[in-house]
Number of protein chains: 2
Amino acid sequence: MRGNLFAVAVDLVVLTVRRHQQRDQLCVLLVRRGERPFESHWALPGGFVQADEDLGDTAARELAAQTGAATQGAVQGHLEQLAGYAAPDRDPRGRVLSMGYLPDLPDLPDPEAGAAFLPVEDVYGLAFDHDRILADGVERARAKLEYTTLAAAFCPAEFTVTDLRRVYEAVWRTEIDPRNFQRKVTSTPGFLIPTATRVTGGRGRPPQLFRRGPATALHPPMLREPIPVPV
Amino acid sequence: MRGNLFAVAVDLVVLTVRRHQQRDQLCVLLVRRGERPFESHWALPGGFVQADEDLGDTAARELAAQTGAATQGAVQGHLEQLAGYAAPDRDPRGRVLSMGYLPDLPDLPDPEAGAAFLPVEDVYGLAFDHDRILADGVERARAKLEYTTLAAAFCPAEFTVTDLRRVYEAVWRTEIDPRNFQRKVTSTPGFLIPTATRVTGGRGRPPQLFRRGPATALHPPMLREPIPVPV
DNA sequence: CCAAAAGTGTTGTTCGTACACCCATGT
DNA sequence: ACATGGGTGTACGAACAACACTTTTGG
């Protein structure tokens with residue numbers, strides 16, 4: 001069998017929306033490397049594929065290790081492959097191919113020591129080519145908000161339409177008309193399930209609380225820009 | 001460095017539209033394997049990543065080897081990564097990770113001996129997990145017709161609106177209203193460039209001939225189904 | 001003239017945007 | 001009362017489906 005031999009790794013782009021510097025921001029889970037190369041640099045969590053593992057197995061195992069094993073069951077089937085990265089010089093130790101993975105999962109617990117959620121806008125200089133993998137993951141997540149119900153996974157178990165809108169606004173860095181957004185998401189069957197309770201204590205009219213519905217696709221999709229008119 | 005070692009390969013899903021059994025059909029380039037395992041089975045063209053090659057380099061090299069080196073220059077930058085496949089038992093020789101690639105290229109010459117374009121609908125039982133890779137490639141190509149001008153790459157250098165429509169119909173296995181299709185594609189700026197010549201010899205009114213324009217995106221996209229109403 | 005294929009005009013519907021307006025609560 | 005945020009109604013426009021209709025060739 002011709003060809004060079006590679007170590008194969010999986011790197012995770014774990015995204016969430018957190019309040020940072022007085023606004024909701026898209027954040028990514030990073031870990032501080034404890035060994036060379038890139039010792040003490042931030043990096044995406046990940047690890048090598050072991051014997052008898054498929055890529056998704058490795059991704060699920062690493063995800064459970066980083067975010068608490070409790071979520072492992074719910075994680076299966078919600079891991080999306082991003083792309084493969086295999087530039088000859090991407091790892092000084094030798095040839096390593098890394099597969100990027102993007103998990104779609106509900107709101108996450110706070111990270112352990114040595115790990116943190118940092119706003120993607122402030123992140124530069126990650127280890128290896130992780131800046132690139134992160135950029136691809138963010139772009140994929142942005143695209144998925146358009147045609148899937150992924151945004152609801154960034155919210156807590158119960159949330160308001162405004163919470164959901166803030167997810168879109170944080171991920172896309174745009175402003176969305178609250179009134180049209182309301183109609184759009186509440187009229188999509190299976191996206192949001194109303195609960196009996198309402199929120200109290202806020203300033204205005206108490207909003208309705210919703211849970212995630214069974215729908216995964218958005219038809220028609222949510223539009224990201226005010227239509228790029230082709231003239 | 002922990003983890004198992006893999007050979008890394010690239011497999012190409014080279015698609016084209018050809019006339020087969022009296023109708024235009026989406027066909028894929030396959031090669032007959034000359035060695036074990038899966039000797040004499042059909043397989044996707046591909047090969048192993050060599051030293052100092054990145055994945056795209058390997059894909060471009062294999063593509064040039066299979067379709068004639070003449071196209072190599074035009075091929076750069078038109079290779080889209082599909083996904084990585086690394087099931088532990090996908091290759092009996094040992095652990096092999098394969099990256100699928102989908103080239104977007106203009107109409108192709110006839111294949112060499114030992115290779116053929118076969119209708120994707122008739123293809124089963126390819127070597128390794130190539131049935132799966134093919135299915136992923138076909139689905140990606142179908143999706144790309146919606147929002148890119150890829151369909152024009154399946155046509156000869158000069159083509160009619162009807163030629164272009166037949167590409168959509170062959171790839172999507174649907175029927176499209178010729179009149180609305182005409183308006184849609186001719187009104188998208190940069191998609192089609194009219195030429196001075198017209199076709200003669202056909203049965204009805206001679207159609208206008210077009211060349212591929214510079215546009216790569218389709219805004220708004222071409223719709224694939226009569227809108228899957230969510231009720 | 002007639003059939004066949006190319007191409008245009010028109011109408012109804014769906015869906016998004018913009019924005020006026022009403023609702024329900026805290027202060 | 002009034003500010004604040006939640007939520008509804010409505011008018012306008014863009015784009016698509018459906019299909020009648022005109023144009024231009026070959027037989």
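Letters A, B, ... mirror the listed sequences (proteins, then strands); counts begin at 1.
Within the structure, every side-chain polar atom (N or O) of B:Thr162 is placed at least 4.0 Å from both OP1 and OP2 of C:dA5. Dashed line: the shortest gap from a side-chain N or O of A:Thr186 to OP1 or OP2 of D:dG7 is not under 4.0 Å. Between C:dG16 and A:Lys184, a contact under 4.0 Å exists linking OP1 or OP2 to a side-chain N or O.
Contacts of A:Arg212 classified as salt bridge (Lys or Arg N to Asp or Glu O under 4.0 Å), with partners at least two apart in sequence or in another chain: none. Remark: A:Asp136 pairs with A:Tyr85, A:Arg132 by the side-chain contact (heavy atoms from CB on, under 4.5 Å) rule, at least two apart or across chains. Residues that satisfy the side-chain contact (heavy atoms from CB on, under 4.5 Å) test with A:Glu146, not counting sequence neighbours, are A:Trp172, A:Arg224. Partners of A:Pro178 under the side-chain contact (heavy atoms from CB on, under 4.5 Å) rule, at least two apart in sequence or in another chain, are A:Arg165. Applying the salt bridge (Lys or Arg N to Asp or Glu O under 4.0 Å) criterion to A:Lys184, with sequence neighbours excluded, gives no partner residue.
Between B:Thr216 and B:Leu150, every side-chain heavy-atom pair lies at or beyond the 4.5 Å cut-off.
If you measure from atom CD1 of A:Ile176 to atom P of C:dG16, you get 13 Å, rounded to the nearest angstrom. The separation between A:Phe210 atom CZ and D:dG6 atom C1' is 11 Å, rounded to whole Å. Atom-to-atom, CG of A:Leu223 to P of D:dA15 comes out at 12 Å; the value is rounded to the nearest Å. Atom pair A:Asn180:CG and C:dA20:P shows a separation of 13 Å (rounding to whole Å applied). Atoms CG (B:Leu164) and P (C:dG7) sit 12 Å apart, rounded to a whole Å. If you take CZ of A:Arg183 and C1' of C:dC21, they are 12 Å apart, rounded to a whole angstrom. Atom-to-atom, CD of A:Gln182 to P of C:dA18 comes out at 18 Å; the value is rounded to the nearest Å. Straight-line distance from the CG atom of B:Asp177 to the C1' atom of C:dG7: 12 Å, rounded to whole Å.
Bending across the helix from C:dC1-D:dG27 to C:dT27-D:dA1, expressed as the angle between its end axes from five pairs apiece, amounts to 20° (10° rounding).
For the ring pair (Phe, Tyr, Trp, His ring centres under 6.0 Å) condition, no pair includes a residue of residues 184-207 of chain B, sequence neighbours left out. Among residues at least two apart or in separate chains, there is no ring pair (Phe, Tyr, Trp, His ring centres under 6.0 Å) pair with a member in residues 100-124 of chain A.
Along DNA chain D, the nucleotide nearest B:Arg179 and the nucleotide nearest B:Pro221 are compared for position; the residue whose nucleotide lies closer to the 5' end is B:Pro221.
For A:Pro220, the listed nucleotide lying nearest its side chain is C:dC15; candidates were D:dG7, C:dC15, D:dC16.
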Taking only N/O atoms, report every protein-nucleotides 25-27 of chain D pair under 3.5 Å with atom names and distance.
unit_1: D:dT25; atom_1: O2; unit_2: B:Arg203; atom_2: O; d: 3.1

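Checking A:Gln25 against A:Arg23 by side-chain atom types alone, a donor-acceptor pair falls below 3.5 Å.
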